[in-house]
Amino acid sequence: RPPGAAQSGSRLSPAGAPAAAPAPPPARHLFSDPAEVEALRENLLAWYDRCKRDLPWRALAVTEPDADRRGYAVWVSEIMLQQTQVATVIDYYKRWMQKWPTLQALAQASLEEVNELWAGLGYYSRGKRLQEAARKVVLELAGRMPRTAEDLQKLLPGVGRYTAGAIASISYGQATGVVDGNVIRVLCRLRCIGADSSSPAVIDWLWDMANVLVDSSRPGDFNQALMELGATVCVPKAPLCGECPVKQHCQAWRRKLFGRPPPVPDVEDCGVGDCPLCLPATEPWDSSLGVTNFPRKAAKKPPRAMRTATCVLERRGCHGAPEYLIVQRPSLGLLAGLWEFPSIPLTQDLQEKKEREELADHLQTWIGQPVAAKGLQLIGEVIHIFSHIHQTYVVYSLHLDGDVTLDPALSPSRWVTEDEFHASAVSTAMKKV
Ligand code: SF4
């Protein structure tokens, strides 16, 4: 049966009679020929064996004999790779695995240590959740990693469908597919899927397709090969179709070559009916885009604009070197538990005079002595884009003379040298500041 067809058979009409099942999408959106599936697997795996990048987590997935350590090693890499480039992750991964080579070691780490190592990698809740989940495996599962995608997703907090599939296939050889951003792009191009690729119906379809395609003898390699293809060949803007090992299976490439949908015998054509997977009639194929007509996504909501006033408070330390005050953020919300220069959110249209006064009041609570708004020196603005926030930091500085006693009743705070600042759990945004 074509992937996805079974779900439609059990629907009931409002009157209780079986509703007519929607027609399955045309064959160009399917992999229905077993010989083609076999050929695609062979071509993709042969290419992967020749061209795969040498990455530390891949080496561990092959050489680590202990199944729990192996699953943990893959898990860490998958969490770090979410939303982050491979090149950035490599160093972080090596340092992490050196410091916490096992689940047990990670379970004993403090959140502060985790945040320090994670600093600069972004999306900080990932590190925290990874550590909480490691504790759960050690305390509640006797240190044994679940071995299937279903159990991994059910038992480990922060492990979703993709991560579970990746760990189970790469570490434990379970023949289960994975769908991430790279796979979405490759599959949408291979099968000319032009409907909104972030819609639940299309995502379900792609999962079904990934499960049909995965090679049961080398599922981990197959999944990594599909993702590697998306990361290095079938890239978003200028895919290298000429070098692609699966171009003979690619409907988008054929469509680009022939300038129209390739003929598929004995099936209805797309675009004439209400095909739920084709490009929408309102935004048809654009020949100037070629294969990058696929995938299509609904327009993202623009990020929310926020302004924050922040002050770099500086004093002379006991050895004469300058020191800076950093304070800890709350343990929940954006950048939870990280350290920053004292900061306050601003309303968008505040005058600079008012901004200074609010910041001066805020600083006074930290250092326990009056701060003159006029004494704050405006340094400039720093812009940092979080996934959903366009953040502008209005940066001030203030030099303090004499000793300052910090109030221990407030949130944790401390004076740090520049080197200590860089070794602390601070975000990239604060390093820019
Ligand atoms: Fe992607 Fe081009 Fe390969 Fe098709 S032929 S899968 S569009 S790189």
Side-chain angles (χ1 to χ4, degrees), residues 2-3 25-53 81 85-86 162 166 177-198 202-203 205-215 218-219 221-264 267 270-271 275 277-280 283-297:
R28 74 176 83 267
H29 299 308
L30 298 172
F31 283 97
S32 46
D33 175 3
E36 187 189 15
V37 171
E38 201 44 53
L40 182 143
R41 288 174 183 153
E42 272 177 26
N43 293 334
L44 187 62
L45 283 166
W47 168 81
Y48 182 68
D49 290 340
R50 267 194 332 273
C51 302
K52 68 172 179 273
R53 291 170 292 179
L81 287 165
Q85 301 279 337
V86 165
Y162 163 76
V178 295
V179 174
D180 74 342
N182 284 320
V183 173
I184 289 173
R185 185 166 58 256
V186 174
L187 294 183
C188 284
R189 288 175 179 170
L190 284 175
R191 281 301 174 261
C192 280
I193 294 174
D196 175 7
S197 66
S198 59
V202 172
I203 293 288
W205 184 262
L206 296 174
W207 272 100
D208 284 345
M209 200 185 282
N211 282 324
V212 165
L213 289 179
V214 66
D215 184 294
R218 297 177 61 190
D221 284 346
F222 180 86
N223 286 337
Q224 291 184 88
L226 204 53
M227 293 189 275
E228 185 92 340
L229 188 75
T232 61
V233 175
C234 194
V235 292
K237 290 209 175 106
L240 310 168
C241 298
E243 299 170 23
C244 177
V246 294
K247 59 177 176 286
Q248 66 271 43
H249 310 290
C250 181
Q251 301 280 2
W253 188 65
R254 290 175 66 189
R255 177 154 192 182
K256 183 183 163 207
L257 286 188
F258 298 121
R260 62 187 165 77
V264 180
V267 289
C270 289
C275 174
L277 297 175
C278 266
L279 289 165
E283 297 167 67
W285 168 267
D286 175 348
S287 53
S288 70
L289 296 176
V291 299
T292 63
N293 271 286
F294 309 99
R296 292 274 173 91
K297 261 196 224 156

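Both ligands and their constituent atoms are indexed starting at 1 by order of listing.
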request  = Take N182 and L229 through the test side-chain contact (heavy atoms from CB on, under 4.5 Å) and record every step on the way to the result.
outcome  = CA-CA 8 Å; N182 284 320; L229 188 75; over 6 Å; no

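- A salt bridge is defined here as a Lys NZ or Arg NE, NH1 or NH2 lying under 4.0 Å from an Asp or Glu carboxylate O, and E36 with R191 meets this definition.
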query = Stepwise, does the side-chain contact (heavy atoms from CB on, under 4.5 Å) test hold for L213 with L44?
reply = CA-CA 11 Å; L213 289 179; L44 187 62; over 6 Å; no

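- Among all heavy-atom pairs drawn from R189 and P236, the shortest one is NH2-O, 2.9 Å.
- Note on residues 226-241: pairs passing salt bridge (Lys or Arg N to Asp or Glu O under 4.0 Å), not counting sequence neighbours, are R53-E228, R58-E228.
- Only protein atoms were considered; those of element N, O or S under 2.8 Å from atom 4 (Fe) of ligand 1 number 1.
- When all heavy atoms are compared, the tightest approach of D215 to R41 is OD2-CD, 3.6 Å.
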